[in-house]
Amino acid sequence: MAFQAAPMGDARKTAMKIESKRDPELEKQCCEFIEFHTGEKVNAYDDLKNGVILCKLVNKFCEGAVRKIETSSAVFKQRANLESFIQGCKTFGLKDQEVFQVNDLFETKNLPQFTQCIIALARYAQSQPDYNGPMLGPKQSEGNVREFTQDQLDAGKHMIGLQMGSNKGASQAGGDFGRPRQVHQEFK
């Protein structure tokens, strides 16, 4: 890879903000989760950049999600593996907000987003009835369907919701927030 200068200005602030969201313990748990389900040793996220292990992981939960895993060391093949993993995650049920972009992992631009993707994948996997493995992240939420009678629905029509607030009789009539802007033209 080519040398990349350190970020400056706003790019540096953004990089520092992203870096502050990293959680080493959570990253370690993600690596252990991946190791358990693939049988492959994962020491750090650098071991996942080629996408081979990740493709095996998603195929474990959603068989056939990744049809061909590229084992070549060519950069474009490795990036293709990561794209295949992302598509496999979407096939498994993850939403667009839950997956990462290839550069987030491949160029270590946003590792917390990658971590969140692995946690989301684990959450969906844990909701499967035949899942047997370590727990990672929160449990998938279940529906909470509520039934209301027609009388309850009608009673709610005449209530003013708290979101609307109350101005307690105040109005904007005569509201003056200081002097108006003075515009002077200079004549030469």
In short, K77 meets S72 closest at the heavy-atom pair CG-CB, 3.9 Å
Would you say S127's side chain and Y124's backbone share a donor-acceptor pair under 3.5 angstrom? yes
Whether K21 and E19 form a salt bridge (side-chain N of Lys/Arg under 4.0 Å from carboxylate O of Asp/Glu) is what I want to check. no
Report yes if the side chains of F85 and F100 come closer than 4.5 Å at any heavy-atom pair, otherwise no. yes
Mind checking side chain to side chain donor-acceptor pair (under 3.5 Å) for R123 and listing every partner two or more places apart, or none if nothing turns up? E98, Q140
Residues that F36 engages under ring-ring contact (aromatic ring centres under 6.0 Å, His included), provided they are two or more places apart: none
Does Q126 reach the main-chain N or O of L136 with its side chain, forming a donor-acceptor pair under 3.5 Å? yes
Within-4.5 Å side-chain heavy-atom neighbours: T14 and M16: no
Do the side chains of C30 and Y45 get nearer than 4.5 Å, heavy atoms only? yes
Between N81 (side chain only) and E70 (backbone N and O only), is there a donor and an acceptor less than 3.5 Å apart? yes
Once rounded to the nearest 0.5 Å, what's the spacing between atom CD of E107 and atom CD of Q101? 11.0 Å
Using a cut-off of 6.0 Å, state whether more than 12 heavy atoms not belonging to D130 lie near its atom CG. yes
In the structure I gave you, are the side-chain heavy atoms of H37 and F61 within less than 4.5 Å of one another anywhere? yes
Could you check whether any side-chain heavy atom of D154 comes within less than 4.5 Å of a side-chain heavy atom of Q152, counting everything from C-beta outward? no
Backbone of V42 reached by a side-chain donor or acceptor of E35 within 3.5 Å: yes
Report yes if some heavy atom in the side chain of V75 is under 4.5 Å from a heavy atom in the side chain of F106; otherwise report no. yes
K41 to D47 - nearest heavy-atom pair and separation: O-OD2, 4.2 Å
Grab the two heavy atoms, one from L57 and one from L121, that are nearest each other, plus how far apart they are. CD2-CD2, 3.6 Å
Decide, yes or no, whether a salt bridge links K28 with E32 under the criterion of side-chain N to carboxylate O below 4.0 Å. yes
Determine whether T115 and I119 make a side-chain contact, defined as any pair of heavy atoms from C-beta on separated by less than 4.5 Å. yes
For residues V66 and L54, determine if any side-chain heavy atom of one lies less than 4.5 Å from a side-chain heavy atom of the other. no
Under 3.5 Å, is there a donor on one side chain and an acceptor on the other for N59 and E63? no
Give the minimum heavy-atom separation between Q113 and Q97, together with the two atoms involved. NE2-O, 3.4 Å
In terms of heavy-atom contacts, C89 and V58 come closest through N-CG2, 3.7 Å
Which pair of heavy atoms, one from L82 and one from G51, lies closest together, and at what distance? CD2-CA, 3.8 Å
Side-chain (Q116) to main-chain (V99) donor-acceptor, under 3.5 angstrom: no
Would a hydrophobic clustering, with Ile, Leu, Val, Met, Phe, Trp and Tyr connected at side-chain separations under 4.5 Å, put I18 with L26? no
